[in-house]
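What follows is one structure encoded as C-alpha cells, with my remarks underneath.
Values reported hereafter were calculated over all heavy atoms of this structure, with side chains retained and with hydrogens, waters and symmetry mates removed. Order of the sequence lines fixes the chain letters, A, B, ..., with proteins taken first and strands second; residue numbering starts at 1 for each chain.
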Amino acid sequence: MEFNKPRGTRDFLFDEMRHRNEVASSLRNVFENYGYQEIKTPLFEELKLFTTKSGEEIIDQLYNFTDKSNRELALRPEITAPVARLYLNELQKSSSKPIKLYYYGSCFRYERPQKGRFRQFWQFGCELIGAKSPEGEAEVIAMCNDSLDKIGITGADININHLGIIRGLFKHFNIDAATQREVMVVIDKGDKELLEESLIGENPLIDSEELNQVLIKLIDLVGDKSILKDIEELIKEYEEPKDSFEELKQLVETLNSFGVNNYTINLGVARGLDYYTGIVFEVYIPELGAQKQVCGGGTYSLIKVFGGEEIESTGFAFGFDRLMNAIEELTDQKELGSHIDVYIAPINEEVRPKAFEIAQLLRRNGIACDVDLNRKKFKKLMNHANNLKVEKVIIVGPKDLEENNVTLKDMNSGEQDIISIDSIVNTLKEEE
RNA sequence: GCCGGGGUAGGGUAGGCGGUCAUCCUACGGGACUGUGGAUCCUGUGACUCGGGUUCAAAUCUCGGCCCCGGCCCCA
C-alpha cells in the first residue's frame, strides 16, 4: 500500500527546513527589534469567526468540518481574524496600548494549487493594535521594509494606497455600496484597459462622467511622493476625500522620518475588503510571476466587526512560502555546511564505549556530534563521515587510548593530530 | 471550477509506430580493503501513478480517477 501526501501539501527535508528556519529567525529578529512579541493561536477556530469576517462565500475555500460534538469548525485560512479574537478574549481590557504582536504559522485554503500557492501554507505577520495613524502605519511599513532587507530581498515593490481617497469620491458622488464594490474589484485587477472599458466603455459602471474621468486619472498615478501634488490637484474640488489625502501625506512624511523611501504610491491597490479603513499596502516581487504578491496589509477596524470597542489596528502578513521562492529566485543560496561539527569513529568493537563517552563529553559542551550507532566497519565510518560533509573526525582507537589520546582528523586537508581526550573540547572550540 | 503539459527504482532519465530479462547515471546495502574518506572494480535491493477498455500480447493505443507543473478564475 502506498500513501501520498494530500494535494497541495509539501514535505520539507533537512536543507529546506534549515533555510526556512534561518529566514524565520531573521524575521523574528527584525520584529522583536521593533518591540513585537510572538503569539500563537489554534490551527482551527469556530467557522463563524471566518464567515463573520469574510462572508459565507469563503466556505468554498475553507477546510471546515463538524466535530464529534457538532461544533462547526474550520482550519484557519489566515491569522488576522484569530488574532482579533485573541485580542477580544485576552487583551482588550488588560493591556496598555499599543499592543505589538507577531505570529508565524500555517494556514489552510481549499484552492487549486499552483506556483506559490498551496493548500497548507505559512504566514508570518504582525498586528499593531491601538496606535495612532499615520505614525503606526509608517513604523509598520518600515518594519516590513527592514524585513525584506534582512532576508536579502532587494528590488521588491512596496505599493501604498489610502482607500479613503476613492471612498471619499464615491461618497461625494453618492455611489451605492454594490457599485463601489464592483468598481473596486476592477481597480484591484490592475488592468488599466479593463478599467477604462468598465468606466467609459459601452456600459459604464458609474453614470457620472466626471467621477469616471477622475478615477481613471487617479489610478494612472503611480509613483513616488512627487505624485502627491497631482493627486491633490485631481481631488481639490471635493471635500470628502480630503482627510484621507492629508493622512496619506502625513504617512509619506513620517515614512521619511523612519528612513523609508523606496515605496510607490499606487491608488490601484484595493485589497477588496470592506473592513480596511485607512492605508493599505502590498509588496510585489515581479520575478515571481502570477503569484508575485509576497505581503499584504493595512489599517482596519476588524475588531469592531467582531463586536469590540473601536480601535485602530494596522497589520500585514508575509506569504512565507513566496518569500522563500523570492529568495531562491533572487539571491545566491549559500552552501549549507554539515549539520554537525564532528563525527566520532571508533576503530573497533572494544573502543566503542569510549567513543560514546567522548560523544557525550562533546555534546555537554555544546559541540554537535554524531557517533557510530550501526557497528559499521571503520572504513565505512570514514565514508559516512565524508558523506555527511563533516569537517572533523575524531578517530578513537586502542593504540591512542593507551596514552588517553585520540586522533583528530581534518577532513578538508586530510591532516591529523593526536590529542589528549582532556583537550578535545578546548581544541575544537578554539577552531570555531 | 476552467485550459494546457506531464507521471518509468529514493533522485535524475532512455524506451513510446504494441512483442526477449525495461536502459543508463546517481543514491543506498554488502564486498575487494581488520587504524583512515572522496577513486576504481564486483555485487545486492529497487520502478512503468491507479482502474476500466481494445488485443493472442499494453510502460507503449484508448477512456476515466488521482497526483504534479504552468496559466485563468479567485486570492481574506
Side-chain angles (χ1 to χ4, degrees), chain A residues 1-11 13 45 49-62 74-84 107-119 121 123 125 185 188-191 269-276 280 282 288-298 300 302 305 315-317 319 322 338 343-351 355 374 376-402 405-416 418:
Chain A
M1 185 186 287
E2 195 181 334
F3 297 104
N4 294 306
K5 59 185 179 297
R7 184 166 163 79
T9 63
R10 291 157 292 165
D11 293 320
L13 291 183
E45 296 270 359
L49 179 70
F50 302 114
T51 54
T52 301
K53 178 184 174 231
S54 309
E56 296 289 325
E57 318 84 67
I58 56 143
I59 291 179
D60 288 349
Q61 290 169 77
L62 288 179
L75 299 185
R76 62 186 185 193
E78 44 91 23
I79 307 187
T80 302
V83 165
C107 301
F108 303 83
R109 294 182 190 176
Y110 193 86
E111 291 184 297
R112 176 84 172 73
Q114 54 182 281
K115 187 184 175 69
R117 180 184 279 189
F118 304 94
R119 289 183 169 185
F121 59 98
Q123 288 201 336
V185 167
D188 197 34
K189 289 189 201 299
D191 182 337
V269 176
R271 292 199 64 71
L273 292 172
D274 294 340
Y275 59 78
Y276 283 104
V280 291
E282 294 184 341
L288 295 185
Q291 312 297 333
K292 65 178 180 177
Q293 189 188 324
V294 297
C295 175
Y300 58 86
L302 183 57
V305 173
F316 70 85
R322 293 185 187 176
S338 177
Y343 188 79
I344 300 164
I347 273 168
N348 63 27
E349 286 288 321
E350 293 79 61
V351 299
N374 286 352
K376 284 197 214 186
K377 287 185 183 169
F378 179 63
K379 186 129 186 165
K380 291 288 178 189
L381 297 182
M382 293 305 287
N383 201 346
H384 183 59
N386 188 53
N387 289 340
L388 293 177
K389 297 190 172 63
V390 64
E391 307 220 338
K392 308 272 181 198
V393 171
I394 289 174
I395 298 166
V396 181
K399 265 190 274 171
D400 296 343
L401 279 181
E402 281 170 23
N405 290 333
V406 293
T407 298
L408 176 62
K409 175 162 184 150
D410 182 312
M411 292 297 275
N412 295 324
S413 65
E415 287 169 20
Q416 50 190 56
I418 295 175

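As rounded to whole Å, 9 Å separates atom C1' of B/rC67 from atom NZ of A/Lys5. The distance from atom OH of A/Tyr275 to atom P of B/rA76 is 8 Å, rounded to the nearest whole Å. Between A/Arg109 atom CZ and B/rG1 atom C1' there is a gap of 18 Å when expressed in whole angstrom units. A/Gln291 has its CD atom 11 Å from the C1' atom of B/rC73, to the nearest Å. Atom pair A/Gln114:CD and B/rG1:C1' shows a separation of 13 Å (rounding to whole Å applied). When rounded to the nearest whole Å, the span between NZ of A/Lys379 and C1' of B/rU34 equals 11 Å. Here B/rC28 presents its C1' atom at 10 Å from CG of A/Asn387, a figure rounded to the nearest Å. In this structure, the CD1 atom of A/Ile395 is 10 Å from the P atom of B/rG37, given to the nearest Å.
Listed candidates were B/rC72, B/rA76, B/rG38. Nearest to the side chain of A/Pro77 is B/rA76. Taking the side chain of A/Asn386 as heavy atoms from C-beta on, and the options B/rA76, B/rG35, B/rG37, the nearest nucleotide is B/rG37.
When both distances must be under 3.5 Å, the Watson-Crick or G-U wobble mate of B/rC56 is B/rG19. Base pairing of B/rG35: no nucleotide in any strand meets the Watson-Crick or G-U wobble criterion (both distances under 3.5 Å). With both pairing distances under 3.5 Å, B/rG29 is matched to B/rU43 as a Watson-Crick or G-U wobble pair. When both pairing distances are held under 3.5 Å, B/rU49 makes a Watson-Crick or G-U pair with B/rG65.
Phosphate proximity of B/rG30 to A/Lys376: absent, as no side-chain N or O sits under 4.0 Å from OP1 or OP2. Considering only side-chain N and O atoms, A/Lys380 lies nowhere under 4.0 angstrom from the phosphate OP1 or OP2 of B/rC33. Checking the phosphate oxygens (OP1, OP2) of B/rC68, a side-chain nitrogen or oxygen of A/Arg7 falls inside 4.0 Å.
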(request) Go through the steps to decide whether A/Arg7 and A/Arg112 satisfy the test side chain to side chain contact (heavy atoms under 4.5 Å, CB included), and finish with yes or no. (result) CA-CA 9 Å; A/Arg7 184 166 163 79; A/Arg112 176 84 172 73; 3.5 Å; yes
(message) Run A/Glu78 and A/Arg109 through salt bridge (charged side-chain N to carboxylate O under 4.0 Å, His left out) and show every step you take.
(response) CA-CA 9 Å; A/Glu78 44 91 23; A/Arg109 294 182 190 176; over 6 Å; no
(request) Let me see the working for A/Lys392 and A/Tyr343 under side-chain hydrogen bond (donor to acceptor under 3.5 Å, both in side chains), right down to the final yes or no. (result) CA-CA 6 Å; A/Lys392 308 272 181 198; A/Tyr343 188 79; over 6 Å; no
(request) Before giving the answer on side chain to side chain contact (heavy atoms under 4.5 Å, CB included), spell out for A/Lys409 and A/Glu415 the whole-Å C-alpha distance, their side-chain angles and the decisive distance to 0.1 Å. (result) CA-CA 6 Å; A/Lys409 175 162 184 150; A/Glu415 287 169 20; over 6 Å; no
(request) Let me see the working for A/Val406 and A/Ile395 under side chain to side chain contact (heavy atoms under 4.5 Å, CB included), right down to the final yes or no. (result) CA-CA 6 Å; A/Val406 293; A/Ile395 298 166; over 6 Å; no
(request) For the pair A/Gln114 and A/Gln291, evaluate side-chain hydrogen bond (donor to acceptor under 3.5 Å, both in side chains) and give the outcome as yes or no after the intermediate values. (result) CA-CA 9 Å; A/Gln114 54 182 281; A/Gln291 312 297 333; 3.0 Å; yes
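Taking the P atom of each, B/rG15 and B/rC56 are spaced 29 Å apart, rounded to whole Å. The same atom, P, is picked in B/rU26 and in B/rU62; the two are 35 Å apart, to the nearest Å. For B/rC25 and B/rA14, the P atoms lie 15 Å apart once the distance is rounded to whole Å. Distance check on atom P: B/rC66 versus B/rA58 gives 26 Å, rounded to whole Å. When the C1' atom is used for both B/rG10 and B/rA47, the distance is 11 Å, rounded to whole Å. Distance noted for atom P between B/rU36 and B/rG11: 36 Å (whole Å). Separating the P atom of B/rG5 from that of B/rG46 is a span of 36 Å, rounded to the nearest Å. The C1' atoms of B/rU45 and B/rG31 are separated by 15 Å, rounded to the nearest whole Å.
Backbone-only engagement by A/Lys377 is indicated by non-hydrogen atom pairs under 4.0 Å involving sugar-phosphate atoms exclusively. A/Gly8 comes within 4.0 angstrom of sugar-phosphate atoms only, judged by non-hydrogen atoms across all strands, and of no base. Counting any heavy atom pair closer than 4.0 Å across all strands shown, A/Gln293 reaches no nucleic acid atom. The residue A/Thr80 sits apart from the nucleic acid: no heavy atom pair falls under 4.0 Å. Looking at heavy-atom distances under 4.0 Å, A/Lys115 makes contact with sugar-phosphate atoms alone, never a base. Heavy atoms of A/Lys189 sit under 4.0 angstrom from primed sugar atoms or phosphate atoms, though from no base atom.
Here the closest heavy-atom approach between residue A/Pro82 and residue A/Phe50 is recorded as CD-CE2, 3.8 Å. Summarising the geometry of A/Gly397 relative to A/Val351, their closest heavy-atom pair is C-CG1, 4.1 Å, with the distance given to 0.1 Å. Residues A/Pro398 and A/Ile347 approach most closely at CD-CG2, 4.3 Å, considering heavy atoms.
To the nearest 0.5 angstrom, A/Leu401 atom CG is 12.0 Å from A/Lys399 atom NZ.
Atom CZ of A/Phe378 is surrounded by more than 12 heavy atoms from other residues, nucleotides or ligands within 6.0 Å. In the displayed structure, A/Glu391 atom CD is contacted under 6.0 Å by at most 12 heavy atoms of other residues, nucleotides or ligands.
A donor and an acceptor atom sit less than 3.5 Å apart, one in the side chain of A/Arg117 and one in the base of B/rC74. Checked by distance alone, A/Asn383 brings no side-chain donor or acceptor within 3.5 Å of a matching partner on the base of B/rG37. One donor-acceptor pair, N or O on each side, does fall under 3.5 Å between the base of B/rU36 and the side chain of A/Lys409.
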Between N or O atoms, less than 3.5 Å apart, protein on one side and nucleotides 41-43 of chain B on the other: list the pairs.
none

Find every protein N or O atom lying less than 3.5 Å from an N or O atom of nucleotides 2-8 of chain B, and list the pairs.
residue	atom	partner	partner atom	Å
B/rC2	N4	A/Arg112	NE	3.1

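At least one donor-acceptor pair closer than 3.5 Å links the side chain of A/Arg322 to the backbone N or O of A/Gly116.
Taking the nucleotide of RNA chain B with the nearest heavy atom to each of A/Gly289 and A/Tyr110, the more 5' of the two is matched to A/Tyr110. Along RNA chain B, the nucleotide nearest A/Met411 and the nucleotide nearest A/Ala290 are compared for position; the residue whose nucleotide lies closer to the 5' end is A/Met411.
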